[in-house]
> 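Pasting a structure below so you can have a look.
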Amino acid sequence: MMNKKLLSLFIAPVVFFVFAPLAQAYIGLCCAHCGGNMPMNLVGAGIPETHEYRFKISQMFMNMGPLRDGTSEINNTDILGAPNGTTFAVAPERMRTYMTMGSAAYSFTDNFAAMMMVSYIRNEMDMEFNQPLQASTGTKGFTMFSDGISDLTLLGKYRLYSDDHLAPTNQVSVLFGVSLPTGSIDKTFSRNPVPGQNGTILPFRMQTGSGTVDPIIGLTYQGSSDPWWYGANFKLEAHLYDNDQGYHRGQEARYDFYLMRQVHPRAVLITELNYWYEGKYSDEPFDQRVNGEGHAGFNPNAGFLSPLFDPQNYGGHQFAVSFGFQFQPVPLHIMELIATLPIYQDLNGPQLQQDFMIQFTYYLEIPTKKSRRYVGFKPPQELGF
Amino acid sequence: MTKKRRFHLKIFIVLFLFCWMVPAAVAHMQAFENMGIAKPRTEREAPDFSLKDINGNTVNLKDFQGKPVLLNFWATWCEPCKEELPSMQRLYETLSSQGIEVVAISIDRKNLDRVKKYVDEYKLTFPILLDPDQKVRKHYYIMGLPTTYLIGPGGKLKGFASGARVWDSPDSIEMMTSLKETS
């Protein structure tokens, strides 16, 4: 089943890129939204030129660990012990997330574009047992695993203000959309060496979706002063009601500030300051709260087996910086490589801190027959044309 | 010469002119079409302007009165503009001796040094004017770069091109030469 999903995920882009040139026609024209004039790792930061498609494929790798509580790093040994609420039978050591993101966008007018994004996620989390479990299983720990399709995000971007159509120096746009629950909230253990644990629900962070329809709103500012481009993005994703497991994610807010410098007609350097806020989960999932999964002895009133099962051990505040560059080898094709490093993290309860994130993105612009880059700009009627 | 002979001579001259002019006109029209040039429905005066060139001299559109002008809008951040500049220079070298002008207006807001660098790099000898305030650009309704207008010797707009072109092609030379014969 998963092999088929994986196969389709990799075949689809190949088929697309084989046939994409048929749809392209490029007459050599610079326009307001042509090319990558904003960081591609920021959702909704940029939009295609009018009547053009933009397809994006990104590969992201995120490494997390070690544990952090508040603003201090902690050792696994600090929290390993009997599962009594303060110490746990199993503690996370490291997490690796591989995310293959695909997105498509189309601009209907000069001011309005619609976007769609979805990812295939693969999570691996190294877990360490306490002494009794190490003795009973004969191993120091195991690697927790989950994979699957993420939630599907649909976004619209409407430009409220622009001081110039061709080469704007200031633009303000509003973002609005929704995240649809195409991801899973029922992922279960499959590689746990502890008898009876396989088939029980995986912790929150290993799930690939939220399970709820979540509204998204945001505001973006884009500015430029040759050879600089800069901007700010604000995005809020609200989680307003409980999913089928009886919980919802904490509210999420994200601020991004970026500064880009064109160092070559085909190359741009990028710096970002990123801030995330995420609230705690509202409650335990049904399988934990009622069936006792994730608790010692399958007793819902007993302590958590791992801090990962506690909804209070999620979210917090994080500041990070990102550095990267964009490169446009030929018109209509753009590549970006960007790395993100945290500079400050204040996390709720013991949880894995972010270590680093790296993302490679390939962007393809496809003018349709209505695009200016297919037919050129219409000559102005005002001048007799 | 009898009346009849004079009449036959007139018919001969008219036919000769017709046979000579029609293919030329068709060739000119074909050149416009091949170059993807939009012709005006009604010919209007090109908006006048007065801009500084890269040497600080003031240049007016009226300075080119009596000559066909290829008026190009570009910017240093526009990659397709960069692609067509060399062919524009070659066109200028071919036709400037015949009284045909090539004028390019840079709409870069800042970094005028970069404009000068481009001029040096591409060895451009035709007039390069600066429109940092975008005033002239707006009078010419420029919505994408590069954009080129063709202006007749009488100062009327004769054509519009959106996007990059190969300006030293035979069609382009034919087209620019034909503008000399217009008003």
Side-chain angles (χ1 to χ4, degrees), chain A residues 25-37 49-52 109-110 162-170 223-229 260-268 326-334 365 367 371-385, chain B residues 35-47 71 73-85 87 106-115 118 121 131-134 137-151 156-166:
Chain A
Y26 175 66
I27 62 161
L29 190 74
C30 265
C31 35
H33 304 130
C34 305
N37 49 6
E49 174 58 26
T50 309
H51 300 307
E52 291 192 7
T109 70
D110 287 347
S162 171
D163 62 356
D164 188 286
H165 183 79
L166 174 59
T169 55
N170 292 292
S224 69
S225 177
D226 188 30
W228 299 96
W229 296 331
M260 304 169 78
R261 189 179 199 282
Q262 185 155 21
V263 290
H264 183 271
R266 295 179 189 275
V268 180
Q326 263 178 26
F327 177 59
Q328 187 164 22
V330 287
L332 307 175
H333 300 257
I334 305 155
E365 300 174 303
S371 162
R372 288 158 183 149
R373 285 199 284 184
Y374 189 93
V375 292
F377 281 87
K378 283 183 184 166
Q381 289 181 350
E382 293 85 346
L383 295 179
F385 289 91
Chain B
M35 289 298 292
I37 304 295
K39 297 191 86 174
R41 286 177 293 132
T42 50
E43 290 187 359
R44 294 193 186 164
E45 290 287 323
L71 182 65
F73 288 84
W74 71 291
T76 57
W77 44 262
C78 163
E79 193 68 11
C81 301
K82 211 169 116 179
E83 287 164 16
E84 71 169 0
L85 280 173
S87 71
S106 159
I107 67 160
D108 286 76
R109 286 191 169 95
K110 291 181 179 176
N111 297 315
L112 302 182
D113 286 346
R114 189 129 53 106
V115 178
Y118 266 58
E121 189 181 338
D131 185 24
D133 301 329
Q134 318 285 301
R137 189 202 109 198
K138 284 173 183 168
H139 287 151
Y140 277 85
Y141 299 92
I142 305 297
M143 305 291 276
L145 292 180
T147 294
T148 305
Y149 282 93
L150 305 182
I151 301 171
K156 287 189 172 166
L157 291 167
K158 300 288 183 181
F160 170 93
S162 175
R165 300 287 192 279
V166 179

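Chain identifiers are assigned alphabetically (A, B, ...) following the order of the sequence lines, protein sequences preceding nucleic acid strands; residue numbering begins at 1 within each chain.
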> In terms of heavy-atom contacts, does CD of A:Q381 have more than 12 from other residues, nucleotides or ligands at under 6.0 Å?
no
> Taking all atoms of both residues into account, what is the closest heavy-atom pair of B:F160 and A:P380, and its distance?
CE1-CD, 3.7 Å
> Which bit of B:K39 comes within less than 4.5 Å of chain A, counting heavy atoms only: side chain, backbone, both or neither?
backbone
> If I measure from the heavy atoms of chain A, does B:I107 come under 4.5 Å with its side chain, its backbone, both, or neither?
side chain
> Return the CZ to OH distance between A:F385 and B:Y141, rounded to the nearest 0.5 Å.
12.5 Å
> What verdict does the side chain to side chain contact (heavy atoms under 4.5 Å, CB included) test give for B:M143 and A:K378, after you've listed the backbone C-alpha separation in whole Å, the side-chain angles of each residue and the deciding distance to 0.1 Å?
CA-CA 9 Å; B:M143 305 291 276; A:K378 283 183 184 166; over 6 Å; no
> Please classify the contact of B:R41 with chain A as side chain, backbone, both or neither, using a heavy-atom distance under 4.5 Å.
both
> Are the side chain of B:R44 and the backbone N or O of A:E382 linked by a donor-acceptor pair below 3.5 Å?
yes
> So A:L383 and B:Y149, side chain to side chain contact (heavy atoms under 4.5 Å, CB included) or not? Walk me through it.
CA-CA 11 Å; A:L383 295 179; B:Y149 282 93; 3.5 Å; yes
> With chain A as the partner, which of B:R109, B:Q134, B:K138 has the greatest number of non-hydrogen pairs under 4.5 Å?
B:R109
